[in-house]
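All ligand and atom numbering here is 1-based and tracks the order in the structure. Predicted, not measured: the structure shown is a model, and the values here were computed from it.
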Amino acid sequence: MASSMLGRTAVISGGARGIGRAIAERFARNGAKIIILDLDRDAVAETAEEIAEASGSDALGIGCDVANRDSVEAAMEAGNARYGSIDILVNNAGVTRDNLIHKMPDEDWDLVMSVHLKGTFLCTSVAQRYMVANKYGKIVNISSTSSLGNRGQLNYSTAKAGLQGFTRTLALELGRFNINVNCIAPGFIDTEMTRATAERLGFTPEEYKAKRAENIAIRRVGVPEDVANLASFLCDDEASYVNGQIIYLSGGPETRR
Ligand code: NAP
């Protein structure tokens, strides 16, 4: 069966690498026209080119700071001008600045809040205009199991918990316009973000993954494609009755770690 994404336009924030890139690759294979937003203009252009070449779908990379309204407005406008609609949005851009509360500078608190929360708000507030006008939309927000509490990630876990309330409320507001809003809360996914965490804690990436896998029911850490598979389902019309849900994607039932 052909994917309902065929010919739709999908915006993926933070898609130059990691989970966002895997989502963009998967959506392109589903036949969507891809718009990737990321901070590094050159990196995002290169990723878009590689995705277009590999999939045969259209892909556009736009340098954009999701925490800046002018930057987001300009990026969405450019995407809409190129493809004629914005149908799908994955709010994936993210950063970590981990620390215990007594060592956390205000700047690190503010940065994490602004990329995850304000960035998701801004991208959504602009994208939903196009979606409401077309009476069609799929929005997926990327939260984290850290939202349940994770020592040393006060800023990040607070922001990721915030995205869950954002998801539920937005689903209530936008459902009447045929827009689905859902949230994926991944556990450990092997990307540069988790490799940086390994390094900070004094492990090699392989050691850290093996250690973390011991506490995961299916005994492996996640890969970006695991998130892409679920995002692909949630952004397909097959999932059109799934709305306002938070789905934990962590190789097991989510329990206190
Ligand atoms: P990643 O490899 O670090 O990728 C994140 C991307 O977001 C980077 O390309 C980064 O660009 C971009 N970005 C950061 N700030 C931005 C901004 N202001 N505007 C636009 N783009 C920005 O991380 P990842 O592991 O793929 O994570 C993707 C998402 O999944 C994040 O929201 C993360 O919190 C979430 N998540 C990850 C895991 C995990 O285990 N990896 C688990 C749960 C949730 P620069 O490189 O230029 O900074």
If hydrogens are left out, which of Leu122, Thr197, Leu39, Ile36 has an atom nearest to atom 17 (C) of ligand 1, that is, the closest non-hydrogen atom? Leu39

Taking only heavy atoms of Ile142 into account, list the atoms of ligand 1 that are under 4.0 Å away from them. 30 (O), 35 (C)

Can you hop from Ile34 to Leu234 via hydrophobic side chains spaced under 4.5 Å? yes

Against heavy atoms of Gly94, which atoms of ligand 1 measure under 4.0 Å? 5 (C), 7 (O), 14 (C), 31 (C), 32 (O)

In terms of heavy-atom contacts, Phe27 and Cys235 come closest through CZ-SG, 3.9 Å

How far apart are the C-alpha atoms of Tyr136 and Phe177, what are their side-chain angles, what is the distance that settles it, and do they pass the ring pair (Phe, Tyr, Trp, His ring centres under 6.0 Å) test? CA-CA 7 Å; Tyr136 186 93; Phe177 302 108; over 10 Å; no

Same hydrophobic cluster for Ile88 and Leu37, using side-chain heavy-atom links shorter than 4.5 Å among ILVMFWY? no

When you measure from atom 26 (O) of ligand 1 to every protein heavy atom, which one gives the shortest distance, and what is it? Ile19 N, 2.8 Å

Counting from 1, what ligand 1 atoms have a heavy atom of His116 closer than 4.0 Å? 32 (O), 34 (O)

Mind checking whether Val66 has an N or O less than 3.5 Å away from an N or O of ligand 1? yes

So, taking the atom named CG in Asp58 and the one named OH in Tyr83, what distance separates them when rounded to the nearest 0.5 Å? 4.5 Å

If we number the atoms of ligand 1 from 1 as shown, the ones under 4.0 Å from a heavy atom of Ser143 are 43 (C), 44 (C)

Counting from 1, what ligand 1 atoms have a heavy atom of Cys64 closer than 4.0 Å? 19 (N), 20 (C)

As an exercise, state the distance from CG of Asn180 to CG of Asn243, rounded to the nearest 0.5 Å. 5.0 Å

Check this for me - ligand 1, Tyr156, N or O atoms closer than 3.5 angstrom, yes or no? yes

Near Val95 (heavy-atom distance under 4.0 Å), the atoms of ligand 1 are 14 (C), 15 (N)

Going by distance only, is there an N or O of Phe188 that falls short of 3.5 Å from an N or O of ligand 1? no

What distance do Gln128 atom CD and Cys123 atom SG have between them, rounded to the nearest 0.5 Å? 12.5 Å

Distance (rounded to the nearest 0.5 Å) between Asn178 CG and Met131 CE: 11.0 Å

Establish whether Ile139 and Leu230 are linked, either directly or via other cluster members, by ILVMFWY side-chain heavy-atom contacts under 4.5 Å. no

Going by the angle between their ring planes, with limits at 30° and 60°, are Tyr156 and His116 parallel, tilted or perpendicular? perpendicular

Sub-4.5 Å side-chain heavy-atom contact between Leu154 and Trp109: yes

Going by the atom numbers of ligand 1, which of them fall below 4.0 Å from some non-hydrogen atom of Asp65? 17 (C), 18 (N), 19 (N)

Of the listed options Gly119, Pro186, Ser71, closest to atom 43 (C) of ligand 1 (non-hydrogen atoms): Pro186

Which of the listed options, Thr191, Leu163, Asn92, holds the heavy atom that is closest to atom 29 (C) of ligand 1? Asn92

Top protein contact for atom 6 (C) of ligand 1, by heavy-atom distance: Gly14 O, 3.5 Å

Shortest protein heavy-atom distance from atom 3 (O) of ligand 1, along with the residue and atom involved: Arg17 NH2, 2.7 Å

If you measure every N/O of Asp38 against every N/O of ligand 1, is any gap under 3.5 Å? yes

Name the option, out of Ile189, Ile184, Val44, that contains the heavy atom nearest to atom 40 (O) of ligand 1. Ile189

Heavy-atom pairs closer than 4.0 Å: do any link ligand 1 to the side chain of Arg21, the backbone, both, or neither? neither

Closer than 4.0 angstrom: is that true for some heavy atom of Gly187 and an atom of ligand 1? yes

Heavy-atom contacts with Thr194 under 4.0 Å: which atoms of ligand 1 show up? List them by number with element. 39 (C), 40 (O), 41 (N)

Looking at CD1 of Ile247 and OG1 of Thr167, how far apart are the two atoms once the value is rounded to the nearest 0.5 Å? 10.5 Å

How many angstroms lie between atom CD1 of Ile12 and atom CG of Asn92, to the nearest 0.5 angstrom? 8.5 Å

